[in-house]
Student: 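Got a structure for you, questions after.
No experiment lies behind these values; they were computed from the predicted model shown.
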Amino acid sequence: MKKALVIGGSGFIGSHVADCLTSRGYETTVLDQKVSPWLNNKQKMIVGDILDKNLINKAISKVNIVYNFAGISDLNIALNKPIESAEINIIGNLNILKACKKYKVERFCFASTVYAQSEEGGFYRCSKIASEKYIEEFQKIYGLNYTILRYGSLYGPRADSNNGMLKIINKAVNDKKLLYEGHKDTIREYIHVVDAAEATVSILKKEFENQTLTLTGQQSIKVSDLLNMIGEILGIPEKKIKITNKHQI
């Protein structure tokens, strides 16, 4: 039985990936700053920080596969925290990479973002691009095999209050209003978190080794059209559907 470590596995996508790994027969350990509320009895838990080099080394010394979902993931939080974004998202990831190299991990899988391909995303985008480049260099210089996953807009169970889709739905249900802070022509390709998790484990196949992949939904939709659709389902009149055009990264 192969052993997998899911760093940041108490979070939205990470917890679903941990469950998928377990269901496919991997001995799965979750490492996060807090105990996962979704940990099942077949999984192990390590509470700690990715900036703790000794902890990271000890955890990685015992596994074959490492996933990294840890770090500052909220774009608007990262917007005002350039130093913290670099320390956690870049240096933290480097600590993991060094340990993966040291213990000859079979595959390192990194959670990046579709913002890496755009001019939006602020310091969050910068930190993800930098981490991607370090991962590629670790493969060239040390032979550490990787897969980089650029996630699109996720939705589904276990999302926290910062999730874009959940914000829209909560506003609709609680206030009988639909509000989106952004441009009316914004387009998203939503993907359900369980589908994303299944794909995230499937990429452990040999054919996806040392590849950068984009995981999004198959259908594009304008946010304005999405709001109208939700409004129709919930019976919210058009006058209570508002797009603020407020700058959103």
Side-chain angles (χ1 to χ4, degrees), residues 8-20 34 36-38 69 71-81 85 89 111-128 149-202 213-249:
S10 295
F12 180 31
I13 177 67
S15 64
H16 283 284
V17 171
D19 286 350
C20 187
K34 61 180 181 179
S36 173
W38 300 288
F69 295 96
I72 295 176
S73 58
D74 185 272
L75 279 68
N76 291 301
I77 291 175
L79 179 64
N80 298 308
K81 294 188 175 182
S85 295
N89 291 5
S112 189
T113 173
V114 291
Y115 284 103
Q117 300 166 286
S118 76
E119 295 301 316
E120 299 179 332
F123 295 120
Y124 171 73
R125 174 183 65 88
C126 294
S127 69
K128 289 298 186 179
L149 295 163
R150 291 174 173 170
Y151 292 95
S153 299
L154 298 169
Y155 71 96
R158 306 180 187 174
D160 64 22
S161 59
N162 293 317
N163 180 263
M165 178 67 82
L166 188 59
K167 284 181 180 178
I168 293 171
I169 298 298
N170 282 343
K171 191 74 174 174
V173 172
N174 297 328
D175 301 335
K176 307 303 179 186
K177 297 179 182 178
L178 280 161
L179 174 66
Y180 178 74
E181 295 182 343
H183 196 275
K184 63 182 178 66
D185 293 326
T186 296
I187 294 175
R188 292 284 183 264
E189 294 173 333
Y190 290 98
I191 180 170
H192 194 279
V193 67
V194 173
D195 293 331
E198 292 284 347
T200 298
V201 177
S202 294
L213 309 172
T214 299
L215 288 182
T216 65
Q218 295 182 340
Q219 184 173 354
S220 299
I221 185 170
K222 274 188 178 183
V223 171
S224 57
D225 292 338
L226 174 68
L227 296 181
N228 289 330
M229 182 174 66
I230 295 172
E232 185 176 341
I233 293 170
L234 298 178
I236 297 174
E238 190 174 338
K239 64 182 180 180
K240 290 191 175 183
I241 300 175
K242 186 177 182 181
I243 299 177
T244 65
N245 285 325
K246 178 180 177 182
H247 175 67
Q248 184 184 60
I249 61 171

Student: Restricting to non-hydrogen atoms, name the atom on Ala196 and the atom on Leu154 that form the minimum distance, rounded to 0.1 Å.
Tutor: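 For Ala196 and Leu154, the tightest heavy-atom pair comes out as CB-CD2, 3.6 Å.
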Student: Using a 3.5 Å distance criterion without hydrogens, assess whether the side chain of Asn163 forms a donor-acceptor pair with backbone atoms of Met165.
Tutor: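 Yes; judged by distance alone, with no hydrogens or angles, the pair exists.
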Student: Of the non-hydrogen atoms in Asn89 and Gly71, which two are nearest, and what is the gap between them?
Tutor: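 For Asn89 and Gly71, the tightest heavy-atom pair comes out as OD1-CA, 3.2 Å.
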Student: Quick one: list whatever passes side-chain hydrogen bond (donor to acceptor under 3.5 Å, both in side chains) with Glu189, sequence neighbours left out.
Tutor: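 So Glu189 forms a side-chain hydrogen bond (donor to acceptor under 3.5 Å, both in side chains) with Thr216, Ser220.
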Student: Any side-chain heavy atom of Thr113 sitting closer than 4.5 Å to one from Tyr151?
Tutor: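 Of all side-chain heavy-atom pairs linking Tyr151 with Thr113, none is under 4.5 Å.
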Student: Between Ile168 and Leu178, is there a side-chain heavy-atom distance shorter than 4.5 Å?
Tutor: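 In contact.
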Student: When you compare the side chain of Tyr180 with that of Lys242, does any pair of heavy atoms fall below 4.5 Å?
Tutor: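 No - every pair of side-chain heavy atoms lies 4.5 Å or more apart.
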Student: Can you tell if the side chain of Asp225 reaches within under 4.5 Å of the side chain of Met229, non-hydrogen atoms only?
Tutor: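 They are not in contact (no side-chain heavy atoms under 4.5 Å apart), so the answer is no.
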Student: Within a strict 4.5 Å, meaning less than it, do heavy atoms of the Ser224 and Ile243 side chains meet?
Tutor: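 Yes, their side chains come closer than 4.5 Å.
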Student: Once the angle between the rings of Tyr190 and Tyr155 is folded into 0 to 90°, is it parallel (under 30°), tilted (30 to 60°) or perpendicular (over 60°)?
Tutor: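 Geometry flag for Tyr155 against Tyr190: perpendicular rings.
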Student: For Ser36 versus Gly9, what's the shortest heavy-atom pair and its separation?
Tutor: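 What the structure gives for the nearest pair is OG-O, 4.1 Å.
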Student: Which residues pass the side-chain hydrogen bond (donor to acceptor under 3.5 Å, both in side chains) test with Arg158, not counting sequence neighbours?
Tutor: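 Listed in chain order: Ser15, Asp19.
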Student: Not counting sequence neighbours, which residues clear side chain to side chain contact (heavy atoms under 4.5 Å, CB included) with Pro237? List them please.
Tutor: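 Scan of Pro237 (side chain to side chain contact (heavy atoms under 4.5 Å, CB included), adjacent residues dropped) gives Lys239, Lys240.
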Student: Between the side chain of Lys176 and the main-chain N/O of Lys171, is any donor-acceptor distance below 3.5 Å?
Tutor: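 No.
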Student: How close do Thr200 and Val17 get, counting heavy atoms only, and between which atoms?
Tutor: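 Closest pair (atom of Thr200, atom of Val17, distance): CG2-CG2, 3.7 Å.
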Student: Would you name the heavy atoms of Ala172 and Leu234 that are closest together and state the gap between them?
Tutor: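 That would be CB-CD1, 3.7 Å.
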Student: Rounded to the nearest 0.5 Å, how far does CD1 of Ile221 lie from OG of Ser153?
Tutor: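 Nearest 0.5 Å value for the OG-CD1 distance: 11.5 Å.
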Student: Distance-only, no hydrogens or angles: does the Asp160 side chain make a donor-acceptor pair with backbone N or O of Phe12 under 3.5 Å?
Tutor: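 No; judged by distance alone, with no hydrogens or angles, the pair does not exist.
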Student: Can you tell if the side chain of Ile236 reaches within under 4.5 Å of the side chain of Ile230, non-hydrogen atoms only?
Tutor: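 Of all side-chain heavy-atom pairs linking Ile230 with Ile236, none is under 4.5 Å.
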Student: Within the 4.5 Å heavy-atom criterion, are Asp195 and Glu198 side-chain neighbours or not?
Tutor: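 Contact flag for Asp195/Glu198 side chains = no.
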Student: Search all heavy atoms of Ser10 against all heavy atoms of Pro37 and return the closest pair with its distance.
Tutor: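 Minimum heavy-atom contact is O-CD, 4.3 Å.
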Student: Roughly how far, to the nearest 0.5 Å, is CG of Leu226 from CZ of Arg188?
Tutor: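 The CZ atom of Arg188 sits 10.5 Å away from the CG atom of Leu226.
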Student: Say you draw a straight line from CG of Leu213 to OG of Ser202; how long is it, rounded to the nearest 0.5 Å?
Tutor: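 Leu213 CG to Ser202 OG: 11.0 Å, rounded to 0.5 Å.
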